[in-house]
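The structure appears right after this line, and notes come after that.
Counting from 1, the numbers follow the sequence of the chain as shown.
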Amino acid sequence: SEEPINPSQKSCTKVEINFGGQSTQFKYDPETRTYKKKNCGKKQIDESTGNQLAFTNLFVLETDIWVREDGYHKGVDWNGGKNAKGYYISNGYIREIRWSKKDEYSKLKILTKKGNEVPVNKGKSYIALTYPGSATFKGEKNQEQSEASSEETATDDGGKEIKTKY
């Protein structure tokens with residue numbers, strides 16, 4: 001079998017996405033190499049299998065979202081706006097990415113800041129289109145680390161700092 005890739009050396013074992021009226025949480029399970037999903041703090045279960053939903057890859061894509069004129073439906077900037085920033089999380093690690101999509105029907109492109117395609121692990125993927133800054137990411141330095149909290153700063157491939165709390 002193909003060995004899974006780490007998107008970076010930056011640890012990410014917990015993800016929380018605040019969608020406004022609800023939130024979604026993911027916790028990394030190293031045994032299955034998947035992120036198990038909770039919705040508003042409760043395990044989200046696949047009714048057909050009885051198992052908690054689990055994903056190999058998480059994509060958190062930031063974009064402009066607004067309420068449409070009908071006052072009910074939301075509009076989404078499908079090309080991500082000016083920055084089209086996002087995050088690719090897999091195998092216990094995170095990487096800041098850029099993304100592009102011409103419209104709601106075109107293929108999604110996941111790119112490095114320099115415009116190169118990002119290699120993605122095989123498996124189920126969860127894609128969240130969300131407001132900028134609405135997600136938090138937490139990681140672990142290593143298994144032997146004490147429970148004391150610390151913060152680590154890394155840089156993405158464009159030199160921008162990314163902070164993760166431990």
Side-chain angles (χ1 to χ4, degrees), residues 1-19 23-39 44 46 49 51-65 76-145 151-166:
S1 75
E2 196 173 299
E3 190 67 25
I5 58 166
N6 296 339
S8 71
Q9 295 303 311
K10 185 111 182 93
S11 173
C12 185
T13 55
K14 292 180 183 177
V15 176
E16 181 165 0
I17 308 164
N18 183 343
F19 291 106
S23 65
T24 298
Q25 303 83 30
F26 295 90
K27 185 175 181 185
Y28 184 64
D29 179 351
E31 288 184 25
T32 62
R33 290 186 172 166
T34 60
Y35 288 83
K36 297 203 172 170
K37 185 179 183 210
K38 289 184 175 182
N39 195 33
Q44 191 164 3
D46 182 332
T49 66
N51 296 328
Q52 186 175 3
L53 294 181
F55 300 89
T56 303
N57 303 299
L58 306 178
F59 295 93
V60 178
L61 309 179
E62 296 181 346
T63 192
D64 293 328
I65 301 171
V76 175
D77 184 348
W78 286 106
N79 67 15
K82 291 181 181 179
N83 295 326
K85 185 169 101 172
Y87 301 91
Y88 169 47
I89 302 104
S90 187
N91 205 33
Y93 295 89
I94 185 172
R95 176 182 194 148
E96 186 175 330
I97 58 167
R98 295 292 177 253
W99 64 278
S100 69
K101 187 170 172 63
K102 290 181 185 175
D103 57 44
E104 61 188 294
Y105 302 106
S106 64
K107 182 180 175 183
L108 175 65
K109 294 180 182 176
I110 304 296
L111 307 167
T112 66
K113 247 182 133 174
K114 295 178 181 177
N116 300 316
E117 192 171 321
V118 172
V120 174
N121 285 313
K122 290 181 183 179
K124 280 199 235 179
S125 295
Y126 177 90
I127 301 172
L129 286 166
T130 190
Y131 306 95
S134 65
T136 56
F137 310 95
K138 294 182 180 178
E140 299 173 4
K141 288 189 177 183
N142 60 46
Q143 299 295 351
E144 296 172 13
Q145 180 185 354
E151 190 173 275
E152 179 180 290
T153 303
T155 56
D156 65 14
D157 60 11
K160 183 180 173 192
E161 289 188 353
I162 304 171
K163 289 186 179 179
T164 301
K165 290 184 179 180
Y166 295 96

Legend entry - From CA spacing to verdict: side chain to side chain contact (heavy atoms under 4.5 Å, CB included), K138, E16: CA-CA 9 Å; K138 294 182 180 178; E16 181 165 0; over 6 Å; no

Inset, instruction - Could you tell me which residues satisfy side-chain contact (heavy atoms from CB on, under 4.5 Å) with F19, sequence neighbours excluded, listed by chain and number? - result: I17, Q22, T24, Y126, A128, T130

Legend entry - side-chain contact (heavy atoms from CB on, under 4.5 Å) involving D46 - partner list, sequence neighbours excluded: S48, T49, L53

Legend entry - Stepwise side chain to side chain contact (heavy atoms under 4.5 Å, CB included) check, I110 with W99: CA-CA 5 Å; I110 304 296; W99 64 278; 4.3 Å; yes

Once salt bridge (Lys or Arg N to Asp or Glu O under 4.0 Å) is applied, do any residues pair with [X], and if so which ones, sequence neighbours excluded?
X    : answer
K37  : none
K122 : E2
D29  : K36

Inset, instruction - Please list, chain by chain and in numerical order, all residues satisfying ring pair (Phe, Tyr, Trp, His ring centres under 6.0 Å) with F59, sequence neighbours excluded. - result: Y88

About how many Å separate [atom2] of [Y] and [atom1] of [X], when rounded to the nearest 0.5 Å?
X    : Y    : atom1 : atom2 : value
L61  : Y87  : CG    : OH    : 11.0 Å
Y131 : N18  : OH    : CG    : 9.5 Å
S23  : N39  : OG    : CG    : 7.0 Å
N57  : K124 : CG    : NZ    : 12.0 Å
K101 : T63  : NZ    : OG1   : 11.5 Å
E62  : R98  : CD    : CZ    : 9.0 Å

Inset, instruction - Please examine the side chains of K85 and E96, heavy atoms only from C-beta on, and report whether any two atoms are closer than 4.5 Å. - result: yes

Pairing residues for [X] by the side chain to side chain donor-acceptor pair (under 3.5 Å) criterion, not counting sequence neighbours:
X    : result
T56  : none
Y28  : N91
N121 : S90
T13  : none

Inset, instruction - Check each of T112, V60, V118 against I97 using the side chain to side chain contact (heavy atoms under 4.5 Å, CB included) test, and report the only one that passes. - result: V118

Legend entry - Side chain S8, main chain I94, donor-acceptor under 3.5 Å: yes

Inset, instruction - Heavy atoms only: give me the nearest I65-L129 pair and the separation to one decimal. - result: CD1-O, 3.8 Å

Inset, instruction - Work out which heavy atom in C12 is nearest to a heavy atom in F137; give both atom names and the distance. - result: SG-CB, 3.9 Å

Inset, instruction - Please test N6 against R95 for side chain to side chain contact (heavy atoms under 4.5 Å, CB included), starting from the C-alpha separation and ending with a verdict. - result: CA-CA 9 Å; N6 296 339; R95 176 182 194 148; over 6 Å; no

